[in-house]
Chemist: 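Pasting in a structure now, in structure tokens, and then I'll have a few things to ask.
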There are 2 protein chains.
Amino acid sequence: MLSRASKYAILSTLYLAEHASKEKKMSVKKIAEAIDVPSPFLAKLFQQLVHAKIISSIKGPKGGFFITKKNGEKTVCDIIENIDGLHKLNECFLGLNECDGENPCPVHFIVEPFKRNILGKFRDKSIMEFSKEVADNGRFLTLKHLDLD
Amino acid sequence: MLSRASKYAILSTLYLAEHASKEKKMSVKKIAEAIDVPSPFLAKLFQQLVHAKIISSIKGPKGGFFITKKNGEKTVCDIIENIDGLHKLNECFLGLNECDGENPCPVHFIVEPFKRNILGKFRDKSIMEFSKEVADNGRFLTLKHLDLD
DNA sequence: AAATAAAAAGACCTTTTTATCTTTTATTTA
DNA sequence: TAAATAAAAGATAAAAAGGTCTTTTTATTT
């Protein structure tokens with residue numbers, strides 16, 4: 001449904017939102033290590049996110065990435081739109097070109113409510129709100145293998 | 001979520017279930033045309049499905065693919081398992097390695113019920129039952145651009 | 001038996017996605 | 001102002017997915 005690129009972008013943006021600010025910028029390398037994604041790949045993604053004004057960056061020593069108040073008003077939808085394109089979230093689960101209430105695929109009425117639900121979540125909550133929720137609930141965002149015992 | 005290969009395999013198996021039988025076998029070419037998928041690619045997929053005893057085939061003139069009563073007892077889950085592997089249906093929506101009720105990703109509680117739902121549908125209904133449902137509801141299974149006006 | 005039709009098998013090609021490497025540019029600090 | 005640091009930009013490489021082609025095998029029909 002989502003490409004790995006979008007997933008990386010979402011996770012690292014949420015990570016940024018929680019852990020960085022204009023006063024505490026973070027380098028790609030640190031973020032990549034924290035959530036365990038390949039750092040040159042993440043660097044590329046961040047270029048796109050900066051371009052789309054979803055995150056901010058400053059070059060040079062003490063530089064890095066961070067999220068401004070304005071950035072934080074963007075949504076996860078904006079991330080997906082800029083990396084994968086929103087259609088990726090809307091495609092028919094079985095790949096039919098025309099699949100809607102009028103002409104549904106065999107699983108349309110199972111998939112459709114889910115899509116509406118997740119799209120709503122991604123569109124109606126700002127990244128800052130989303131990030132706050134994640135932090136409040138103590139959720140991890142890393143791809144690392146957690147050692148829970 | 002599902003690869004194109006799995007989607008092709010599901011659609012064409014359901015198509016077979018509805019339109020072919022031991023008495024009326026169908027060639028790859030005809031099926032590929034009917035649902036508009038690349039026929040050499042479908043041929044490859046069908047090899048795997050025959051191997052997994054999800055569909056049957058006879059070589060030579062008047063040969064082709066069809067579904068026996070025994071075949072029809074298999075499920076869509078079986079198809080997915082043989083083409084993509086079932087894990088594809090179970091992966092975390094945001095790509096986290098460990099994502100469950102104990103340690104949920106930010107959208108886990110939206111995604112999990114949906115996954116249970118669709119997995120149930122794919123596992124508890126046989127291909128024959130599934131196909132009957134599709135036929136009864138007059139659903140189309142083609143990837144073609146339908147001319148509805 | 002020969003011709004033919006269809007699937008099986010396997011090699012091969014193309015495109016997309018994922019990932020890396022190198023060079024350039026901007027910023028800071030000593 | 002030089003050295004160091006970090007992102008930007010762009011070229012390249014590797015892997016996976018998607019798709020095609022050719023040859024072989026099997027079965028049927030004439």
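Below, chain A is the first sequence line, B the second, and so on; all start at residue 1.
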Chemist: Using OP1 and OP2 only, check whether a side-chain N or O of A:Tyr8 sits under 4.0 Å from C:dA19.
Modeler: yes
Chemist: May I ask you to evaluate whether A:Arg4 reaches the phosphate of D:dA16, defined as a side-chain N or O under 4.0 Å from OP1 or OP2?
Modeler: no
Chemist: Strictly by Watson-Crick or wobble contacts shorter than 3.5 Å, is anything paired with D:dG19, and which nucleotide is it?
Modeler: C:dC12
Chemist: I'd like to know if B:Gln47 reaches the base of C:dA9 with its side chain such that a donor and an acceptor end up less than 3.5 angstrom apart.
Modeler: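 Pair found.
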Chemist: For D:dT30, give the paired nucleotide (Watson-Crick: N1-N3 plus N6-O4 or O6-N4; G-U: N1-O2 and O6-N3; both under 3.5 Å), or none.
Modeler: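 When the pairing criteria are applied, C:dA1 turns out to be the nucleotide that pairs with D:dT30.
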Chemist: Nearest-Å distance, CZ (B:Phe65) to P (C:dA5)?
Modeler: 17 Å
Chemist: Determine the contact category for B:Pro40: base if any of its heavy atoms lies under 4.0 Å from a base atom, sugar-phosphate if only primed atoms, P, OP1 or OP2 are that close, otherwise nothing.
Modeler: base
Chemist: Strictly below 4.0 Å, N to O, side chains only: are B:Glu91 and B:Lys115 in salt-bridge contact?
Modeler: no
Chemist: How about NE2 on A:His87, more than 12 heavy atoms from neighbouring residues, nucleotides or ligands closer than 6.0 Å, or not?
Modeler: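 Yes, the 6.0 Å shell around NE2 holds more than 12 heavy atoms from other groups.
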Chemist: Find the distance A:His51:NE2 to D:dA9:P and express it as a whole number of Å.
Modeler: 8 Å
Chemist: Starting at atom CG of A:Asp84, determine the distance to atom C1' of C:dT18, rounded to an integer number of angstrom.
Modeler: 13 Å
Chemist: Over how many whole Å does the gap from A:Leu42 atom CG to D:dA8 atom C1' extend?
Modeler: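 So the CG-C1' distance, A:Leu42 to D:dA8, works out to 14 Å.
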Chemist: Calculate the interatomic distance between A:Lys62 atom NZ and C:dT29 atom P; express it in whole Å.
Modeler: 7 Å
Chemist: Any side-chain heavy-atom pair from A:Thr68 and A:Asn71 closer than 4.5 angstrom?
Modeler: yes
Chemist: Would you call B:Lys121 and B:Glu133 a salt bridge, taking side-chain N to carboxylate O under 4.0 Å as the test?
Modeler: yes
Chemist: Under 4.0 Å between a side-chain N or O of B:Ser57 and OP1 or OP2 of C:dA8?
Modeler: yes
Chemist: Could you check how far NZ of A:Lys44 sits from P of D:dG10, rounded to whole Å?
Modeler: 8 Å
Chemist: Scan A:Phe46 against the nucleic acid and name what it touches under 4.0 Å (heavy atoms): base, sugar-phosphate only, or nothing.
Modeler: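 A:Phe46: no heavy atom of the nucleic acid under 4.0 Å.
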Chemist: Calculate the interatomic distance between A:Leu45 atom CG and C:dT17 atom P; express it in whole Å.
Modeler: 13 Å
Chemist: Mapping A:Pro61 and A:Ala43 to their closest nucleotides on DNA chain D, which lands nearer the 5' end?
Modeler: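 Looking at DNA chain D, the more 5' nearest nucleotide goes with A:Pro61.
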Chemist: For the pair B:Lys53 and B:Glu73, evaluate salt bridge (Lys or Arg N to Asp or Glu O under 4.0 Å) and give the outcome as yes or no after the intermediate values.
Modeler: CA-CA 10 Å; B:Lys53 298 187 200 298; B:Glu73 290 166 13; over 6 Å; no
Chemist: May I have the distance from A:Phe41 (atom CZ) to C:dT16 (atom P), rounded to whole angstrom?
Modeler: 16 Å
Chemist: If you pin B:Lys59 and B:Ser39 to their nearest nucleotides in DNA chain D, which one's is more 5'?
Modeler: B:Ser39
Chemist: For DNA chain C, whose closest nucleotide is more 5', that of B:Ile58 or that of A:Leu2?
Modeler: B:Ile58
Chemist: When we call it a touch if two heavy atoms are under 4.0 Å apart, what does B:Gly63 touch: a base, just sugar-phosphate, or nothing?
Modeler: sugar-phosphate
